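Quantities reported herein were computed from a predicted structural model and do not represent experimental measurements. The figures that follow rest on heavy atoms only: side chains count, while hydrogens, waters and symmetry mates do not.
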Amino acid sequence: MHDLITEIWESVRRNKLRTSLTGFSVAWGIFMIIVLLGAGNGLMNSFNQDSEGYASNTMTIYPSVTSKPYKGYKEGRWMRLNEQDMVFIARQFPEVIDQVTTTVSRSGFTTTYKKKNIQDMSITGTFPGHATMNHIDVLAGRFINNLDIADKRKVVVVTHMYAKNLLEGKTDYEKLLGKKLRVGNLVFTIVGVRHAFENRNDRDLYIPYTTAKAIFGMNTNDLDEISFTFNGLETEAENEAFEHRIHQILNSRHDAALDDESSYYIYNQFTQNMQMNQGRSILNTGLWIIGLFTLLGGVVGVSNIMLITVKERTHEFGIRKAIGAKPWGITKLIIAESVAITAFFGYIGMVLGLIACFVMDQTVGQESMDVFGQNIRLLINPTVGMSEAIKSTVLLVVAGTVAGLFPAMKAARVRPIEALRAD
């Protein structure tokens with residue numbers, strides 16, 4: 001092994017400039033793969049941040065307009081949802097649906113705690129299942145419970161950012177529990193402090209759904225949406241079949257054509273995640289292909305330099321074979337030199353790529369833009385994981401082997417008598 005390393009070093013030392021230029025193309029190829037994969041991961045993480053904090057197995061039903069005439073009704077009729085629909089759907093699919101909830105919101109409220117006024121707050125009436133469905137993390141106290149719903153209690157759950165504002169920047173949220181908070185002309189008791197995602201403009205104060213209906217003067221059972229968590233639907237086909245059954249039930253209850261799937265819009269977080277994962281896979285594949293084509297130039301360069309090395313050392317290889325060297329010994333030497341050049345410069349490119357990803361995270365990754373009232377970061381954690389590093393390592397070894405294989409085979413076929421005649 002020591003002799004092999006010595007020979008490789010001597011060969012590289014004799015051709016410093018040529019080896020460096022060839023190695024640069026290899027380093028650039030790996031550098032581009034790492035940077036592209038990091039940027040791709042950061043972009044997908046940015047896309048995924050909007051679903052952060054939501055259960056992946058949720059569906060939300062929204063009223064829409066019909067696309068077909070039915071029972072004397074024209075197409076384009078606006079559909080409705082009501083509380084009876086929510087109960088009926090839960091009873092129809094007890095083996096699939098876990099929790100059902102809905103919300104009703106109003107904004108523009110001014111809140112008062114002691115002498116501190118905070119404007120433009122939103123009140124959202126909801127059910128206990130909303131906490132599970134949206135992965136709400138209660139930092140102090142509790143969330144809305146069934147007794148709050150039944151008794152129409154005037155209790156409220158505030159966000160941790162709102163609580164911190166009330167506490168002058170402090171985080172001992174327990175001090176707020178049981179305190180009175182005036183919202184508009186009504187007084188509520190603070191029963192909980194929840195975590196809120198700072199990338200969203202989350203200003204919702206949660207109160208019981210029944211309380212919200214009472215204070216908003218809602219005398220109807222109409223709902224803006226129905227949300228529920230589900231289980232047992234593992235494939236896209238199963239989800240589509242279930243959504244079709246939901247459409248049929250709601251259309252039947254509200255006099256719309258059973259096959260009219262425009263009457264209600266169903267947002268399925270589970271299938272959205274599946275499509276997002278497919279998109280991530282396609283994006284990663286595309287980035288790998290671009291990076292591999294970039295690396296291909298380096299591999300061709302390594303192969304060319306090894307061909308030149310073989311030609312320059314033809315006389316030497318002839319002497320080796322004349323004194324008993326095996327073809328495998330010469331093949332091994334060429335391939336080892338090719339792998340060494342590729343791996344060395346490839347790892348330099350990998351390290352530089354990781355540094356570039358870190359710089360990208362600290363610069364572009366910190367920039368954001370406002371999209372529909374939400375503060376969206378352009379790139380989130382644009383780095384590569386251990387699996388990509390291992391793949392890159394294997395790729396370097398394979399690339400080096402492939403680059404040196406043809407020159408090595410040519411060197412092994414050198415006939416001693418012809419090689420000794422070579423200049």
Side-chain angles (χ1 to χ4, degrees), residues 51-63 80-107 109 121-160 162 177 181 183 186 188-197 200 202-231 242 246 249-250 253 264-270:
S51 60
E52 180 185 13
Y54 297 103
S56 60
N57 59 328
T58 63
M59 289 190 195
T60 303
I61 307 170
Y62 300 95
R80 300 167 66 182
L81 284 173
N82 55 47
E83 294 177 7
Q84 288 73 29
D85 293 327
M86 184 170 66
V87 175
F88 188 82
I89 290 174
R91 289 177 177 173
Q92 282 291 109
F93 306 102
E95 74 286 356
V96 176
I97 295 178
D98 297 321
Q99 291 182 314
V100 184
T101 186
T102 188
T103 59
V104 57
S105 298
R106 298 290 186 273
S107 59
F109 289 91
M121 298 299 297
S122 299
I123 290 183
T124 297
T126 190
F127 289 88
H130 187 79
T132 303
M133 195 172 299
N134 293 274
H135 289 174
I136 291 177
D137 184 15
V138 178
L139 304 178
R142 63 174 178 83
F143 196 68
I144 306 300
N145 62 29
N146 291 323
L147 286 176
D148 298 330
I149 299 293
D151 297 340
K152 300 182 182 179
R153 293 174 174 173
K154 292 181 180 178
V155 295
V156 62
V157 179
V158 302
T159 71
H160 78 283
Y162 180 82
L177 302 181
L181 177 69
V183 181
L186 300 173
F188 289 81
T189 301
I190 300 175
V191 296
V193 177
R194 67 178 178 90
H195 177 267
F197 294 98
R200 306 186 187 122
D202 188 349
R203 304 173 67 84
D204 289 339
L205 305 176
Y206 285 122
I207 66 174
Y209 177 79
T210 51
T211 307
K213 282 192 63 177
I215 65 175
F216 296 155
M218 297 174 60
N219 298 319
T220 68
N221 291 326
D222 288 348
L223 302 177
D224 294 332
E225 46 86 13
I226 297 174
S227 298
F228 57 85
T229 55
F230 60 92
N231 65 81
F242 182 75
I246 292 289
I249 288 174
L250 291 175
R253 289 176 57 84
Y264 293 92
Y265 171 70
I266 299 179
Y267 177 80
N268 190 330
Q269 184 69 46
F270 182 80

Q: Are the side chains of Phe242 and Ile97 in contact, using a 4.5 Å heavy-atom criterion?
A: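 Ile97 reaches Phe242 side chain to side chain.
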Q: Locate the shortest heavy-atom distance separating Ala212 from Gly125; write the atom from each residue and the value.
A: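 Taking Ala212 first and Gly125 second, the nearest heavy atoms are CB-CA, 3.6 Å.
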Q: Counting the benzene-type ring for Trp, do Tyr267 and Tyr62 have ring centres under 6.0 Å apart?
A: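 Ring centres of Tyr62 and Tyr267 not closer than 6.0 Å.
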Q: What's the spacing between Arg106 CZ and Leu205 CG if we round to 0.5 Å?
A: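 Rounded to the nearest 0.5 Å, the CZ-CG separation comes to 15.0 Å.
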Q: Tell me, do Arg142 and Asp148 make a side-chain contact under 4.5 Å, heavy atoms counted?
A: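 Of all side-chain heavy-atom pairs linking Asp148 with Arg142, at least one is under 4.5 Å.
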Q: When you look at Ile249 and Gln92, which way does the side-chain contact (heavy atoms from CB on, under 4.5 Å) test go after all the steps?
A: CA-CA 9 Å; Ile249 288 174; Gln92 282 291 109; 4.1 Å; yes
Q: List in chain and number order the residues that pass side chain to side chain contact (heavy atoms under 4.5 Å, CB included) with Asp98, two or more places apart in sequence or in another chain; answer none if no residue qualifies.
A: Asn57, Thr229, Asn231
Q: Testing the basics here: between Pro128 and Ile149, what is the closest heavy-atom pair and its distance to 0.1 Å?
A: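 The pair with the smallest heavy-atom distance is CD-CG1, 4.0 Å.
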Q: Just so I know, are the side chains of Leu81 and Asp224 near enough to count as touching, which here means a heavy-atom distance under 4.5 Å?
A: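 SC-SC contact between Leu81 and Asp224 ruled out.
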Q: Using side-chain heavy atoms (C-beta onward) and a distance below 4.5 Å, is Ile61 in contact with Ile89?
A: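 Yes - at least one pair of side-chain heavy atoms lies under 4.5 Å apart.
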Q: Just jot down the side chain to side chain contact (heavy atoms under 4.5 Å, CB included) partners of Asp222, sequence neighbours excluded, or say none.
A: Arg80, Asn82, Thr220
Q: May I have all residue pairs that pass ring pair (Phe, Tyr, Trp, His ring centres under 6.0 Å) and include part of residues 207-229, sequence neighbours excluded?
A: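 For residues 207-229: Phe127-Tyr209.
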Q: Are side-chain heavy atoms of Ile136 and His195 found at a separation under 4.5 Å?
A: no
Q: Quick one: side chain to side chain contact (heavy atoms under 4.5 Å, CB included) partners of Lys154, sequence neighbours excluded?
A: Leu186, Phe188, Thr211
Q: If you define the side chain from C-beta out and look only at heavy atoms, does anything of Tyr264 sit under 4.5 Å from Ile246?
A: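 A side-chain contact under 4.5 Å is absent here.
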Q: Tell me whether Asp204 contacts the main-chain N or O of Tyr206 through its side chain, where contact means a donor paired with an acceptor under 3.5 Å.
A: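 Side chain of Asp204 to backbone of Tyr206: no pair is present.
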Q: Which distance, rounded to the nearest 0.5 Å, do you find between the CE of Met59 and the CD of Glu225?
A: 14.5 Å
Q: Go through the structure and list residues passing salt bridge (Lys or Arg N to Asp or Glu O under 4.0 Å) with Asp85, not counting sequence neighbours.
A: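 Asp85: salt bridge (Lys or Arg N to Asp or Glu O under 4.0 Å) contacts with Arg253.
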Q: Does a sphere of radius 6.0 Å around NZ in Lys213 hold more than 12 heavy atoms from other residues, nucleotides or ligands, not counting ones at 6.0 Å or beyond?
A: yes
Q: Knowing that exactly one of Val191, Thr189, Ile207, Asn145 qualifies, which makes a side-chain contact (heavy atoms from CB on, under 4.5 Å) with Arg153?
A: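 Exactly one pass, corresponding to Asn145.
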Q: Determine whether Arg203 and Thr159 make a side-chain contact, defined as any pair of heavy atoms from C-beta on separated by less than 4.5 Å.
A: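 No, too far: nothing below the 4.5 Å cut-off.
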Q: Between Phe93 and Phe230, is any pair of side-chain heavy atoms under 4.5 Å apart?
A: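 No; the side chains remain at least 4.5 Å from each other.
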Q: Is a donor on one side and an acceptor on the other found under 3.5 Å between the side chain of His160 and the backbone of Val193?
A: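 No, His160 side chain to Val193 backbone: no donor-acceptor pair under 3.5 Å.
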Q: Any chance you could measure Ser105, atom OG, to Ile123, atom CD1, to the nearest 0.5 Å?
A: 9.5 Å
Q: Sequence neighbours excluded, which residues qualify as side-chain hydrogen bond (donor to acceptor under 3.5 Å, both in side chains) partners of Thr210?
A: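 Listed in chain order: nothing, the list is empty.
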Q: For Asn221 and Gln84, what are the C-alpha separation, side-chain angles and deciding distance, and is it a side-chain contact (heavy atoms from CB on, under 4.5 Å)?
A: CA-CA 8 Å; Asn221 291 326; Gln84 288 73 29; 3.3 Å; yes
Q: Begin with the C-alpha distance, continue with both residues' side-chain angles, and end with the deciding distance and a verdict on side-chain contact (heavy atoms from CB on, under 4.5 Å) for Val158 and Leu181.
A: CA-CA 10 Å; Val158 302; Leu181 177 69; 4.2 Å; yes
Q: Just by modelled atom types, is the Ser227 backbone N or O under 3.5 Å from a matching donor or acceptor in the Thr60 side chain?
A: no
